[in-house]
Amino acid sequence: MTKDKLLLLDGNSLAYRAFFALPLLTNDSGIHTNAAYGFTTMLQRILEEEKPTKMLVAFDAGKTTFRHDTFTEYKGGRQKTPPELSEQFPYIRKLIDAYGIKRYELEMYEADDIIGTLAKEAATQNMDVIIVSGDRDLTQLATEQVTVYITKKGISEIEKNTPAFIEEKYGLTPLQIIDMKGLMGDASDNIPGVPGVGEKTAVKLLKEHGSVEALYEAIDTLKASKMKEKLVANEEQAHMSKKLATIFTEAPIEVSLADLAYNGPNEEELINVWQELGFKSLIEKSDFVVEEEERAPFAYEIVEDVKPEQLKDTMAVHVELEDEHYHTCQQLGLALTDGTDTFYVTFENAAKSDTLRLWLEDATKTKYMADSKASQAALKRAGIKLAGVEFDLLLASYINNPALSGDDVATLARDLGYRDVQANESVYGKGAKRAVPEQDVLAEHVSRKAFAVWTLQPKLETLLRENEQFDLYKNLELPLASILSEMESEGITVNRATLEKMGQELGEKLTVIEQDIYAEAGEAFNINSPKQLGVILFDKLGLPVIKKTKTGYSTAADVLEKLKPEHAIIEHILLYRQLGKLQSTYIEGLLKEIHEDDGKVHTRFQQALTSTGRLSSTDPNLQNIPVRLEEGRKIRQAFVPSHENWILFSADYSQIELRVLAHMSEDKNLVEAFREGMDIHTRTAMDVFHVSADEVDSDMRRAAKAVNFGIVYGISDYGLSQNLDITRKEAAIFIEKYLASFPGVKGYMDNIIQDAKFNGFVTTILNRRRYLPDITSSNFNLRSFAERTAMNTPIQGSAADIIKKAMIDMDARLKKENMQAKLLLQVHDELIFEAPQEELAMLEKIVPEVMENAIALAVPLKVDVNYGATWYEAK
DNA sequence: TCTTTCACG
DNA sequence: ACGTACGTGAAAGAT
């Protein structure tokens, strides 16, 4: 075995050094990061150069130490730690943890004492010890085995203090450094020493006498001088100062050297912290992704034809796809395992196997899968109707913690401590280098995924049961996955010709506006470039700057709106932006997504993505098709039923979020308003402005509506003031009046924040969780954000729970009624169906009925329905 | 790949 | 004093 090398770091001192050495850097969330960054670069360099086998970072604990018993003013008169540094300590601790380095602090002792104690102990065990600090005091610990590294010039250079180096520099032994401190004192620690004695005199006296004690024993032999008088007068103080400067090497520490083994960082955790802090350059430089750990050997078989006896009653099945676009991409292969035997079959062979097809379609055969929605869609394209899915790794992980990003099996598995599966990126490569590997590699990869799913199934189900989330997962998300898969595969028809005609007209309008803008600007430029536009508006035309982004002038719509009276160009730019958006995103973007074979678009609903429980929609996003402005709304004319004489039918919840709030807050006033079926914004205006219903004018209702939105979002006076374009004070008064009228809401908001602080998470009606680690942060921004999230997530998330439940009930009802109507889309509080005209009356009856009774609240749920020949008409 | 802008609930 | 409304996705330009 090689000799152990112990690295001991003085955490506080190095953080201070890094803080003062670097300019104040901030990341996107507004936290300062300079100390954390300096600390990290220092750590990286030392790890690389020294390759220690054991490590510890010591911190000072609390304000008082045993030294204060000796001298109450020890470290007195010190500047308070700057808050910009204080806020970084939690991150520095996180970093150290992610590096897998032990950290330690001990009540009543300083970091020095911990380091001294461990260094001494390690030396007796013949380890090499390196101490790293910014504080010269530590050099007293140098011995043949212990080297003390002191940072110089901020953090860029390191001075290696060996006994020989100290001898050369001062002519003293390391232990005499203590005596030197005793005589000369230390201003930064408020150690007095002997007044009038500085470094030079101290060194001279010590070279002659050896130590403070020896000096005073021989004090009578000194020639009478001012110096001698001072020494005599301050003898007590000199002894005390030496005592204060002495690092205590017998501290009652509770860590042993064996605990300090350093085995390298937890790469994922480290990347996470770096990401949080915004250390992009470090992430790029790191070769973490490339460095793959060894996986345990794994047995699997590649089969050409699946034999009936290989298919058990319960198996994990993984369908490997070329990429995430499961409606179009190539299906590569399937792996199945029962925990004992694992086999892989190419998708081509799988699709040919009747044995396998029948098993996959058999609802009595239990399947555990990684992403059942994707698998169901991909299998369906081969004519296989997947049934019997009883476990979905992606959904279970998402319910367990919605903050986890990524849908790769390796990522999900790793989070649960399972490492025997490779990341897709390391099997396929990334970017231009991405490619499907040779069959052996692919087969093993896919087999390992199936095996991971098999292994993790009991683990996750236990976790979900412990948190009382099993029901949410098993009876809501899992059946929903299958419904969503059908919706996606069904798709919605988009009329290409309608879009192309709109595109033509838009193009002509845009050309005209573009010329107007160039004329008004006096030159041609790229209107779509905020940078170029900023130069034209604010430099060339000299318009007032209202808001800045971190890269330059803001040219966002709310800013331009304020500039409208200043110059005619503004109106044209706003119109250009509006129409340009329609053209690029909705006309051109949507056209690209229409499938040639069926004239439909097939979105993918992300079911395991949002932190609140909502769905999201991609390729194309069908949850943000324009509706608010008429020009954009026309896009909806292109969305049509897939058969003649069919209709599109839409049903949306009215004020679902405020109803959820009424239910959860049990606010009497709010509950009553909904029970009486009042217009909630008018009612709010009545309460806030103290007027009767017929006195509420449109401005009052508008303000009340904004307040209601604010309440749902986690109110702040600033946010409301921005929205209504009023002062913060006025906004604060609105909020105050609102909360006075709805005291139950105020109580609920206060409680939810308290709960979040206590539990670390908030929950929805169906027990969906969102963890909020920042709710106790000392950083104002992070904490405030977490508080608003704590208020908003139960509302938004519960509304999501309700509509998901409604989708499941609706699916069952349509089947029960034997209807042809199909659910096509979900847009958060709205469901869109297509159906034969003959089913209209039935839909008008059952859709509101099912949706309104999805989950019983303390207030009624209300659903409005519309229908028409296009989505535009179904408004 | 990140930033800005803007579409939706 | 702090500097934001909550949750998303797509396109374009800048880097």
Side-chain angles (χ1 to χ4, degrees), chain A residues 26 28-31 83-84 87 278 280 283-284 402 431 526-534 547 549-560 573-574 577-590 592-593 603-606 609-629 631-633 635-636 652-653 655-657 706-707 709-724 728 731 735 770 778-797 799-800 803 825-830:
Chain A
T26 11
D28 295 347
S29 349
I31 329 157
E84 293 85 357
E87 72 186 23
K280 286 164 207 157
I283 296 171
E284 272 165 34
N526 187 342
I527 308 169
N528 284 320
S529 158
K531 196 178 167 193
Q532 293 182 38
L533 180 60
K547 200 163 70 175
T549 66
K550 59 184 141 187
T551 51
Y553 307 117
S554 170
T555 66
D558 61 326
V559 171
L560 297 186
I573 289 166
L574 283 167
R577 282 251 181 97
Q578 190 200 327
L579 301 183
K581 177 89 179 178
L582 293 178
Q583 183 76 302
S584 63
T585 305
Y586 296 103
I587 304 283
E588 290 164 5
L590 216 42
K592 278 184 239 163
E593 295 288 344
T603 188
R604 295 189 328 275
F605 288 107
Q606 305 295 331
L609 185 146
T610 71
S611 356
T612 56
R614 274 190 176 183
L615 301 176
S616 86
S617 158
T618 58
D619 301 321
N621 179 356
L622 295 180
Q623 292 182 320
N624 72 344
I625 302 300
V627 68
R628 290 171 191 171
L629 299 174
E631 294 94 318
R633 193 171 198 154
I635 298 285
R636 295 179 174 224
D652 65 291
Y653 282 110
Q655 304 296 350
I656 190 169
E657 291 190 336
V707 174
F709 270 99
I711 292 293
V712 168
Y713 291 158
I715 196 88
S716 80
D717 50 9
Y718 184 86
L720 183 63
S721 74
Q722 289 295 299
N723 190 283
L724 283 176
R728 241 167 86 170
I735 294 167
R770 178 174 186 180
S778 54
N779 179 289
F780 177 87
N781 280 336
L782 291 180
R783 190 179 63 250
S784 304
F785 185 62
E787 287 174 357
R788 291 196 298 274
T789 312
M791 296 187 264
N792 173 261
T793 295
I795 300 174
Q796 194 184 114
I803 195 163
L825 300 175
Q826 187 250 46
V827 191
H828 311 307
D829 65 353
E830 181 185 12

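Owing to the predicted nature of the structure, the values given are computational and were not obtained by experimental measurement.
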Within the 4.0 Å heavy-atom criterion, would you say [X] contacts the bases, only the backbone, or no part of the nucleic acid?
X: Val712(A); value: nothing
X: Ala790(A); value: nothing
X: Ala799(A); value: nothing

Output all residues satisfying side chain to side chain contact (heavy atoms under 4.5 Å, CB included) with [X], sequence neighbours left out; order by chain, then residue number.
X: Thr618(A); result: Arg604(A), Gln606(A)
X: Gln578(A); result: Leu575(A), Leu629(A), Glu631(A)
X: Ile715(A); result: Ile711(A), Ile735(A)

### Query
What pair of heavy atoms forms the shortest contact from Val827(A) to Gln623(A), and how long is it?
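Minimum heavy-atom separation between Val827(A) and Gln623(A): CG1-O, 3.7 Å.
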### Message
Tell me if a side-chain donor or acceptor on Asn792(A) pairs with a main-chain N or O of Val712(A) at a distance below 3.5 Å.
### Response
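Yes, Asn792(A) side chain to Val712(A) backbone: donor-acceptor pair under 3.5 Å.
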### Thr549(A) side-chain N/O to Ser554(A) backbone N/O, donor-acceptor pair under 3.5 Å
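Side chain of Thr549(A) to backbone of Ser554(A): no pair is present.
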Tell me the interatomic distance from [X], atom [atom1], to [N], atom [atom2], rounded to whole angstroms.
X: Asp558(A); N: dA7(B); atom1: CG; atom2: C1'; answer: 15 Å
X: Arg633(A); N: dC6(B); atom1: CZ; atom2: P; answer: 21 Å
X: Glu631(A); N: dA7(B); atom1: CD; atom2: P; answer: 10 Å
X: Phe709(A); N: dG9(B); atom1: CZ; atom2: P; answer: 9 Å
X: Arg783(A); N: dG3(C); atom1: CZ; atom2: P; answer: 12 Å
X: Ile711(A); N: dA5(C); atom1: CD1; atom2: P; answer: 17 Å
X: Arg628(A); N: dC8(B); atom1: CZ; atom2: P; answer: 5 Å
X: Glu787(A); N: dC2(C); atom1: CD; atom2: P; answer: 18 Å

### Task
Classify the side chain of Gln796(A) versus the base of dC6(C) as yes if they form a donor-acceptor pair under 3.5 Å and no if they do not.
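For Gln796(A), whose side chain was compared with the base of dC6(C), there is a donor-acceptor pair (under 3.5 Å).
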### Query
Does a distance-only test, which skips hydrogens and angles, find a donor-acceptor pair under 3.5 Å between the side chain of Arg728(A) and the base of dG3(C)?
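Donor-acceptor pair under 3.5 Å: yes.
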### Query
Looking just at side-chain N and O atoms, do Thr603(A) and Ser617(A) make a donor-acceptor pair shorter than 3.5 Å?
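Judged by distance alone, the side chains do pair up.
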Salt bridge (charged side-chain N to carboxylate O under 4.0 Å, His left out) involving [X] - partner list, sequence neighbours excluded:
X: Glu657(A); value: Arg614(A)
X: Lys531(A); value: none
X: Arg728(A); value: Asp717(A)

## Note on the structure
Given protein heavy atoms under 4.0 Å, the one-letter contact record of nucleotides 8-15 of chain C, with B base, S sugar-phosphate only and - none, is simply SBBSSSSS
### Secondary-structure stems for DNA chain C, with pairs counted as Watson-Crick or G-U when both distances are under 3.5 Å and runs at least 3 long
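DNA chain C stems, ordered by first number: B:1-9 with C:6-14.
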Phosphate OP1/OP2 of [N]: any [X] side-chain N/O under 4.0 Å:
X: Arg788(A); N: dT4(C); result: no
X: Arg614(A); N: dG9(B); result: no
X: Arg577(A); N: dC6(B); result: yes

#### Entry: ring pair (Phe, Tyr, Trp, His ring centres under 6.0 Å) partners of Phe785(A), counting only residues at least two apart
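Ring pair (Phe, Tyr, Trp, His ring centres under 6.0 Å) list for Phe785(A), sorted by chain: empty.
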### Query
Are Phe780(A) and dC2(C) stacked, counting the six-membered base ring, centres under 5.5 Å, planes under 30°?
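Ring-base stacking flag not set for Phe780(A) and dC2(C).
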### Query
Under 5.5 Å between ring centres and under 30° between planes: true for Phe785(A) and the base of dT4(C)?
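Here the ring of Phe785(A) and the base of dT4(C) are not stacked, as the 5.5 Å and 30° limits are not both satisfied.
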### Query
When you measure from the side chain of Arg770(A), which nucleotide among dG9(B), dG7(C), dA5(C) comes out closest?
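From the listed options, dG7(C) comes nearest.
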#### Entry: Rounded P spacing from dA5(C) to dT4(B) in Å
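It comes out at 13 Å once rounded to the nearest Å.
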### Between dT4(C) and dT5(B) - P atom distance, rounded Å
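Comparing P positions in dT5(B) and dT4(C) gives a spacing of 14 Å.
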### Query
Relative to the 5' end of DNA chain C, which residue comes earlier, Thr789(A) or Ser784(A), by the nucleotide with the nearest heavy atom?
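Nearer the 5' end of the strand: Ser784(A).
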